[in-house]
Amino acid sequence: MRRFIVCLLSGGQRSWTVHYYEKIGLMPAPARSEGGHRLYGRGHLLRLNFVRRARDLGFTLNEIRDLLEPAERRDLTCAEARVVVAAHLGDVRAKLAALRKMEKVLVEMVARCADGATPDCPILEALFDSEVGTAAQIRGLR
């Protein structure tokens, strides 16, 4: 059986990340050499690629676990995987909607500043809570 060194296995991830995945049960514990070094096999590589790809898509570690556990038992149905992925898609869509709102506010803030030559900064004014005070008032407290 071919064995991999952690730096080769991790594909750019830090070795402590791989060790953390082992600790929380996303990666099975590997065999050890006589010197105590971890000896990863092809199954570890496949599993780490799965975890990395899922993380790239924004899945949480718990969601990844929800996908991996039935897959390990080899009884994961597409319907079960679909439930996990559909829920994640809903979360992603909600985040995108929030980001669009955030973008709109930031565009308005930048537009207020125009050329940036005004003495009082409308961007800073917008960030201060009007109930507490304006940027100019806050600067006066120094």
Side-chain angles (χ1 to χ4, degrees), residues 1-139 141:
M1 177 191 296
R2 187 168 182 190
R3 298 292 180 178
F4 298 90
I5 300 170
V6 72
C7 64
L8 297 175
L9 172 74
S10 63
Q13 293 185 14
R14 300 197 183 268
S15 62
W16 58 264
T17 302
V18 177
H19 298 164
Y20 176 70
Y21 291 162
E22 289 172 27
K23 182 179 176 182
I24 64 170
L26 283 181
M27 293 279 294
R32 298 279 184 149
S33 71
E34 288 181 21
H37 297 282
R38 291 171 168 87
L39 300 173
Y40 296 97
R42 179 158 172 70
H44 292 97
L45 179 61
L46 292 172
R47 191 174 185 105
L48 184 61
N49 284 337
F50 180 97
V51 172
R52 184 183 317 122
R53 179 73 177 130
R55 294 294 288 156
D56 288 348
L57 292 171
F59 285 94
T60 67
L61 295 177
N62 285 333
E63 290 169 329
I64 294 169
R65 186 176 285 108
D66 289 344
L67 291 169
L68 279 172
E69 286 176 0
E72 282 180 340
R73 294 189 317 264
R74 301 188 191 282
D75 66 353
L76 174 70
T77 65
C78 192
E80 290 174 289
R82 187 180 190 283
V83 168
V84 174
V85 175
H88 181 65
L89 178 60
D91 293 343
V92 168
R93 286 180 172 156
K95 288 176 186 174
L96 286 171
L99 284 170
R100 282 188 208 97
K101 288 178 185 176
M102 191 183 312
E103 178 188 31
K104 183 179 176 184
V105 169
L106 291 171
V107 166
E108 290 171 7
M109 290 172 71
V110 168
R112 282 185 187 170
C113 193
D115 63 0
T118 60
D120 291 325
C121 180
I123 294 173
L124 295 178
E125 296 298 333
L127 292 173
F128 281 103
D129 183 352
S130 62
E131 293 178 20
V132 176
T134 65
Q137 292 169 328
I138 300 294
R139 281 193 298 269
L141 296 176

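A quick note: this is a predicted structure, and the numbers were derived from the prediction, not measured.
- Note that the NE2 atom of His44 and the CD atom of Glu22 stand 6.5 Å from one another [nearest 0.5 Å].
- Interatomic distance, Thr60 OG1 to Asp66 CG, rounded to the nearest 0.5 Å: 7.5 Å.
- Other residues, nucleotides and ligands contribute over 12 non-hydrogen atoms within 6.0 Å of the CZ atom of Arg32.
- Here the CG atom belonging to Asp56 is positioned 10.5 Å from the CG atom belonging to Asn49, to the nearest 0.5 angstrom.
- For the salt bridge (Lys or Arg N to Asp or Glu O under 4.0 Å) condition, no pair includes a residue of residues 97-108, sequence neighbours left out.
- Looking at residues two or more places apart in sequence or on another chain, you find a side chain to side chain donor-acceptor pair (under 3.5 Å) between Asn62 and Arg65.
- For the atom pair CZ of Phe50 and CG of Leu67, the computed distance is 5.0 Å after rounding to the nearest 0.5 Å.
- Residues Val110 and Leu106 are not in side-chain contact: their nearest non-hydrogen atoms beyond the backbone lie 4.5 Å or more apart.
- Put simply, the side chain of Glu63 reaches to within 4.5 Å of the side chain of Asp91, judged on heavy atoms.
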List the steps and the verdict of side-chain contact (heavy atoms from CB on, under 4.5 Å) for Val85 and Phe59. CA-CA 9 Å; Val85 175; Phe59 285 94; 3.8 Å; yes

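- Between Arg53 atom CZ and Ile64 atom CD1 the span is 11.5 Å, to the nearest 0.5 Å.
- Closest of all the heavy-atom pairs between Pro28 and Arg47 is CD-CD, 3.4 Å.
- Across every non-hydrogen atom of Leu57 and His88, the tightest pair is O-NE2, 2.9 Å.
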Begin from the C-alpha positions of Leu68 and Val51 and carry the test side-chain contact (heavy atoms from CB on, under 4.5 Å) through to its verdict. CA-CA 9 Å; Leu68 279 172; Val51 172; 4.1 Å; yes

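- Put simply, CZ on Arg52 and OH on Tyr21 are 9.0 Å apart, with the number rounded to the nearest 0.5 Å.
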